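What follows is a set of notes on a single structure, which appears directly below.
Bear in mind that the values here come from a model prediction, so they are computed numbers and not experimental data. Sequential numbering from 1 along the given sequence is applied to the chain's residues.
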Amino acid sequence: MRVLVTGGAGFIGSHIVERLISDGHEPVVLDALLPAAHPNAPVPPVRAGAEWVHADVRDAEAVRRALRGVDAVCHQAAMVGLGKDFADAPAYVGCNDLGTAVLFAEMAGAGVGRLVLAGSMVVYGEGRYDCPRHGTVRPGPRAADRLEAGRFEPQCPDCGAELVPGLVAEDAPADPRNVYATTKLAQEHLAAAWARTTGGRAVSLRYHNVYGPGMPRNTPYAGVASLFRSALARGEAPRVFEDGGQRRDFVHVRDVAAANALALESLDERAPAALTAYNVGSGDPHTVGEMATALAAAYGGQRQRPVVTGEFRLGDVRHITADSARLRAELGWRPQTDFATGMAGFAVSGLRGE
């Protein structure tokens with residue numbers, strides 16, 4: 001299968017390209033090499049076995065050329081993370097939503113009918129919560145005065161009771177809490193509209209907290225695991241926001257690449273002309289504090305033990321962890337890297353400069 005991988009020189013995209021090559025496919029990598037994600041990227045930044053196109057996904061002519069002879073598209077190109085402030089909103093919408101619209105328009109024109117989209121768990125906003133009195137509830141936006149007082153746990157909107165976090169399934173209502181999350185939900189809506197209009201078949205893989213070799217470093221758009229690892233590499237203690245009790249599902253990038261390969265294989269002529277969403281999480285939630293502690297232990301320095309700061313970002317959510325049962329049942333995906341092994345390997349890769 002000849003597969004166009006947008007953002008294929010990036011963190012997740014490059015691992016997908018490696019997996020596609022090992023599976024005998026022909027990847028075509030299209031990447032703009034934006035400085036925020038690729039401050040010192042070589043050109044071409046892809047290994048032998050992948051065709052290279054240096055272009056922005058918003059460039060319709062370049063996308064049209066890249067789609068020639070392509071059987072499927074794996075759309076990874078995006079700005080990620082919370083960014084710095086709301087001034088980033090035009091850049092997020094331009095990269096993530098306009099770029100996606102251009103890509104889908106060119107796919108429609110070229111008759112390419114198979115798509116795997118890099119979705120995200122951020123479309124859910126806060127995760128699932130249960131109240132002892134009212135059952136499953138959806139807490140409202142987090143209030144700055146509560147966060148400033150160190151009261152980080154969401155409350156039941158009906159009685160104010162402490163809530164119990166649980167796993168979020170794909171049928172949970174969307175509730176994006178920041179600009180990035182909003183753009184990722186818009187991408188899914190565009191993909192669904194593309195599928196209905198063209199008869200195409202699409203999968204959105206809603207990634208949870210992906211980590212592993214090749215994560216962007218020292219940028220406002222880097223993931224928290226990368227920020228912690230960079231601090232450790234400088235001999236500094238990781239600074240953990242809130243009280244460190246935020247629950248996340250940390251999933252290794254190679255397991256995410258495997259999910260993409262399986263999703264591509266699933267999009268044959270028998271698949272429905274629609275968008276199907278799958279959570280991609282390890283199924284083994286941990287707190288941000290536990291992740292920082294695991295990385296610090298792998299570095300072996302007592303001076304670098306995590307520091308819990310009580311700081312917060314209003315756009316963050318408290319707990320968000322996945323139920324990936326659908327992906328396991330329908331596509332047979334199983335994560336291969338457990339938390340302890342993955343974090344130790346990630347720390348070592350940082351020492352090697354990866």
*Inter- and intrachain pairs under salt bridge (Lys or Arg N to Asp or Glu O under 4.0 Å), touching residues 183-200, at least two apart*: E188-R206
*May I have the step-by-step check of side chain to side chain contact (heavy atoms under 4.5 Å, CB included) for R254 and E18, ending in yes or no?*
CA-CA 9 Å; R254 293 192 184 97; E18 291 280 345; over 6 Å; no
List the residues meeting side-chain contact (heavy atoms from CB on, under 4.5 Å) with [X], not counting sequence neighbours, and say none if there are none.
| X | result |
| --- | --- |
| A257 | H15, I16, R19 |
| E26 | R2 |
| I21 | V17, P27, R47, A50 |
| A340 | D338 |

*Linking I/L/V/M/F/W/Y whenever any side-chain heavy atoms sit under 4.5 Å apart, do M79 and L117 land together?*
no
*Is there a path of hydrophobic side-chain contacts, each under 4.5 Å between heavy atoms of I, L, V, M, F, W or Y residues, that connects M215 with V240?*
yes
*May I ask you to decide whether E242 forms a salt bridge with R142, counting only side-chain N to carboxylate O separations under 4.0 Å?*
yes
Please go through [X]'s hydrophobic cluster and name the other residues, only I, L, V, M, F, W, Y counting, with side-chain heavy atoms under 4.5 Å joining them.
| X | answer |
| --- | --- |
| L147 | F152, F312, L314 |
| L103 | L4, V28, L30, V53, V57, V63, L67, V70, V73, F104, M107, V112, L115, L190, W194 |
| V164 | none |

Is it true that the side chains of [X] and [Y] contain a donor and an acceptor less than 3.5 Å apart?
| X | Y | value |
| --- | --- | --- |
| N279 | Y124 | yes |
| T183 | D97 | no |
| Y207 | Q76 | yes |

_Residues in salt bridge (Lys or Arg N to Asp or Glu O under 4.0 Å) contact with E61, at least two apart in sequence or another chain_ = R65
*asked:* I'd like to know whether R318 forms a salt bridge (Lys or Arg N to Asp or Glu O under 4.0 Å) with D243, so could you lay out the CA-CA distance, the side-chain angles of the two residues, the decisive distance to 0.1 Å, and finally the verdict.
replied: CA-CA 10 Å; R318 179 61 176 174; D243 59 0; 2.9 Å; yes
*Is there a donor-acceptor pair under 3.5 Å between the side chain of T100 and the backbone N or O of N96?*
yes
*For H25, all residues meeting ring pair (Phe, Tyr, Trp, His ring centres under 6.0 Å), sequence neighbours excluded*: none
*asked:* Suppose we screen for ring pair (Phe, Tyr, Trp, His ring centres under 6.0 Å). Which residues come up paired with H252, at least two apart in sequence or across chains?
replied: Y211
*Below 4.5 Å, heavy atoms only, C-beta onward: do F250 and V210 meet side chain to side chain?*
no
*Is C74 close to V3 at the side-chain level, that is, under 4.5 Å between some pair of heavy atoms?*
yes
_For residues 320-334, which residue pairs pass the side chain to side chain donor-acceptor pair (under 3.5 Å) check, not counting sequence neighbours?_
Y278-E330
